[in-house]
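For reference, the structure is listed below as structure tokens.
Because only heavy atoms are used, hydrogens play no part in the values below, and waters and symmetry mates are left out as well, while side chains stay in. Counting begins at 1 with the first residue of the sequence.
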Amino acid sequence: MWHIGNIDIPNKIVLAPMAGVSDPVYINLCAQMGAGYAISELISAEALVRENAKTLEMLDGFEKLTIPYAIQLFGASAETLAKAAKIVNQKLPKAIIDLNMGCPVPKVALRAGAGSALLKDPERVREIVSKVSKAVDVPVTVKIRSGWDEKSKNAVLIARICEEAGAKAIAIHGRTRSAGYAGKVDLEIIKEVVGAVHIPVIGNGDITSCFEAKRMLDETGCTAVMIGRGLLGNPWLIKECLAYIENGEIIKKVSFKEKITMLKEQIKELIKLKGEKRALLEIRNHFMYYLRGLPQNKEIKIKVYNAKNKDEVFKILDEYIIFLEKQ
């Protein structure tokens with residue numbers, strides 16, 4: 001167990017914030033697999049303060065989660081982020097506030113001057129973390145990258161500023177903004193951040209197996225590991241990581257039937273939260289990940305995308321299970 005401020009986190013596996021993915025249904029699914037802590041997809045502080053209906057809806061369902069979680073906010077204005085944090089704090093008093101200073105997406109980092117663009121302005125980072133920390137009575141955390149580009153790797157400086165300004169934990173993706181998701185994650189920069197601060201550091205990047213999770217923990221000394229894309233279509237990776245990290249055990253891979261059954265369960269829960277029409281659209285973010293590597297998955301994808309309702313989707317998936325069993 002470790003701690004973010006006064007909040008207990010039961011294990012070392014953290015669910016990364018992923019746009020269009022990290023909603024309460026997905027987080028709850030990963031909690032069932034054993035995730036100890038989760039962060040929502042990034043939410044616009046500006047839109048929250050303007051009381052945008054669709055943005056406010058993004059907060060629905062989190063109050064039912066059974067594991068510690070954070071709502072991740074992005075923005076460039078300290079005042080706006082502080083106001084947005086207060087809105088989240090009032091609606092979800094148990095939610096940690098996480099500040100996104102690592103998103104490399106151009107519409108966030110370039111046009112909005114938020115996300116990883118903030119790494120270029122350390123004093124603005126200090127102002128944001130300070131004002132948000134003072135605005136709420138829950139822990140505030142920050143997600144960063146190693147720097148804007150290879151010539152400006154300033155994660156150590158940014159991490160120290162965040163700690164001084166009141167942050168209770170730092171998550172660092174070991175790549176620069178300019179690298180995006182290309183190349184290998186830099187474990188050394190994560191290790192340097194660990195050595196530079198006294199708050200928990202969560203390492204992030206390239207974890208697609210239990211071996212990579214253990215390696216990051218061992219080589220960097222980070223408190224926990226954050227897993228994102230490696231979990232898409234494979235939430236069982238959480239169980240694998242926990243078994244290997246805690247007991248040195250390698251557990252059996254799941255069957256295709258278990259994967260499709262989990263996909264159906266996710267659809268059912270998403271319908272409860274968002275309604276059938278919207279759920280069937282949003283599940284497309286997950287669909288091909290669950291069926292990755294299976295025969296004729298593209299044909300099944302087309303059939304599902306053309307299905308008019310949940311019953312048609314489930315019929316297609318049930319018939320696909322029968323087809324796979326005969327292979």
Side-chain angles (χ1 to χ4, degrees), residues 13 15-36 38 40-41 54 57-58 60-67 69 207-210 213 227-244 249-327:
I13 304 300
L15 178 61
M18 290 181 283
V21 174
S22 303
D23 58 30
V25 170
Y26 180 71
I27 291 174
N28 188 54
L29 182 155
C30 291
Q32 292 173 31
M33 295 292 150
S40 77
E41 64 179 304
K54 287 186 177 180
E57 282 179 9
M58 294 172 75
D60 291 346
F62 280 94
E63 71 281 355
K64 296 179 181 179
L65 293 180
T66 57
I67 62 169
Y69 68 93
I207 296 177
T208 57
S209 75
C210 59
I227 312 177
R229 292 173 297 155
L231 291 176
L232 293 174
N234 185 27
W236 298 271
L237 176 58
I238 296 168
K239 280 188 175 182
E240 292 173 19
C241 287
L242 286 172
Y244 189 64
E249 180 185 358
I250 298 174
I251 61 177
K252 183 182 176 182
K253 298 287 185 181
V254 298
S255 68
F256 68 81
K257 189 171 184 178
E258 287 175 287
K259 287 188 174 185
I260 296 173
T261 300
M262 179 66 79
L263 173 59
K264 290 171 66 177
E265 186 62 29
Q266 191 170 347
I267 293 171
K268 288 178 185 176
E269 293 303 315
L270 205 55
I271 288 172
K272 290 179 186 177
L273 180 65
K274 302 185 178 184
E276 185 170 348
K277 183 177 180 180
R278 187 171 166 187
L280 293 181
L281 287 173
E282 292 191 8
I283 200 64
R284 294 178 181 182
N285 290 327
H286 302 264
F287 196 84
M288 285 307 292
Y289 289 107
Y290 277 105
L291 303 188
R292 182 167 44 194
L294 296 178
Q296 296 189 21
N297 57 9
K298 291 182 180 178
E299 291 86 343
I300 299 301
K301 171 187 171 182
I302 293 170
K303 287 182 180 180
V304 168
Y305 279 23
N306 289 327
K308 296 181 177 65
N309 54 52
K310 173 195 65 130
D311 292 337
E312 285 188 22
V313 170
F314 282 16
K315 184 172 184 292
I316 292 166
L317 292 175
D318 288 340
E319 289 174 351
Y320 188 46
I321 289 175
I322 295 171
F323 163 76
L324 291 172
E325 288 175 335
K326 292 179 180 178
Q327 298 303 299

Compare every heavy atom of [Y] with every heavy atom of [X], then report the nearest pair and how far apart it is.
X    : Y    : value
C30  : L231 : SG-CD1, 4.5 Å
A38  : I27  : CB-CG2, 3.4 Å
N297 : M288 : CG-CE, 3.6 Å
A307 : I316 : CB-CD1, 4.2 Å

All salt bridge (Lys or Arg N to Asp or Glu O under 4.0 Å) counterparts of K315, not counting sequence neighbours: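 Salt bridge (Lys or Arg N to Asp or Glu O under 4.0 Å) check on K315 returns E319.
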
Only counting residues at least two apart or in another chain, list the ones meeting side-chain hydrogen bond (donor to acceptor under 3.5 Å, both in side chains) with [X].
X    : value
Q266 : H286, Y290
Y320 : none
E276 : none
E299 : none

Those residues that, when tested against [X], pass side-chain contact (heavy atoms from CB on, under 4.5 Å) (two or more places apart):
X    : result
S209 : F211, E212
R278 : E57, K274, E282
F314 : K264, I267, K268, K310
A213 : I207, V225, C241, I245

Taking the side chain as everything from C-beta on, heavy atoms only, tell me whether [X] gets closer than 4.5 Å to [Y].
X    : Y    : value
L270 : L280 : no
Q32  : E265 : no
I13  : M33  : no
L29  : M262 : yes

Would you compute the distance between atom [atom1] of [X] and atom [atom2] of [Y] and round it to the nearest 0.5 angstrom?
X    : Y    : atom1 : atom2 : value
L237 : I227 : CG    : CD1   : 4.5 Å
I302 : Q296 : CD1   : CD    : 11.0 Å
D23  : D60  : CG    : CG    : 11.0 Å
L324 : K259 : CG    : NZ    : 11.0 Å
E312 : L317 : CD    : CG    : 12.0 Å
I283 : Y26  : CD1   : OH    : 11.0 Å

Checking E41 side chain against V21 main chain: does a donor-acceptor pair fall under 3.5 Å?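 Looks like no, no N/O pair under 3.5 Å.
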
Is E63 reaching over with its side chain to a backbone N or O of G61, donor-acceptor style, under 3.5 angstrom?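 Yes, the answer is positive, given that a donor and an acceptor are paired below the 3.5 Å cut-off.
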
Under the salt bridge (Lys or Arg N to Asp or Glu O under 4.0 Å) definition, can you give me all pairs with a residue in residues 228-242, not counting sequence neighbours?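 For residues 228-242, and leaving out neighbouring residues, the salt bridge (Lys or Arg N to Asp or Glu O under 4.0 Å) pairs sorted by first residue read E240-K253.
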
With sequence neighbours excluded, tell me which residues meet ring pair (Phe, Tyr, Trp, His ring centres under 6.0 Å) with F287.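 Here no residue qualifies.
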
Applying ring pair (Phe, Tyr, Trp, His ring centres under 6.0 Å), can you list everything that pairs with F256, at least two apart in sequence or on another chain?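 Applying ring pair (Phe, Tyr, Trp, His ring centres under 6.0 Å) to F256 gives none.
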
Derivation and outcome, side chain to side chain contact (heavy atoms under 4.5 Å, CB included), residues N234 and T208: CA-CA 9 Å; N234 185 27; T208 57; over 6 Å; no

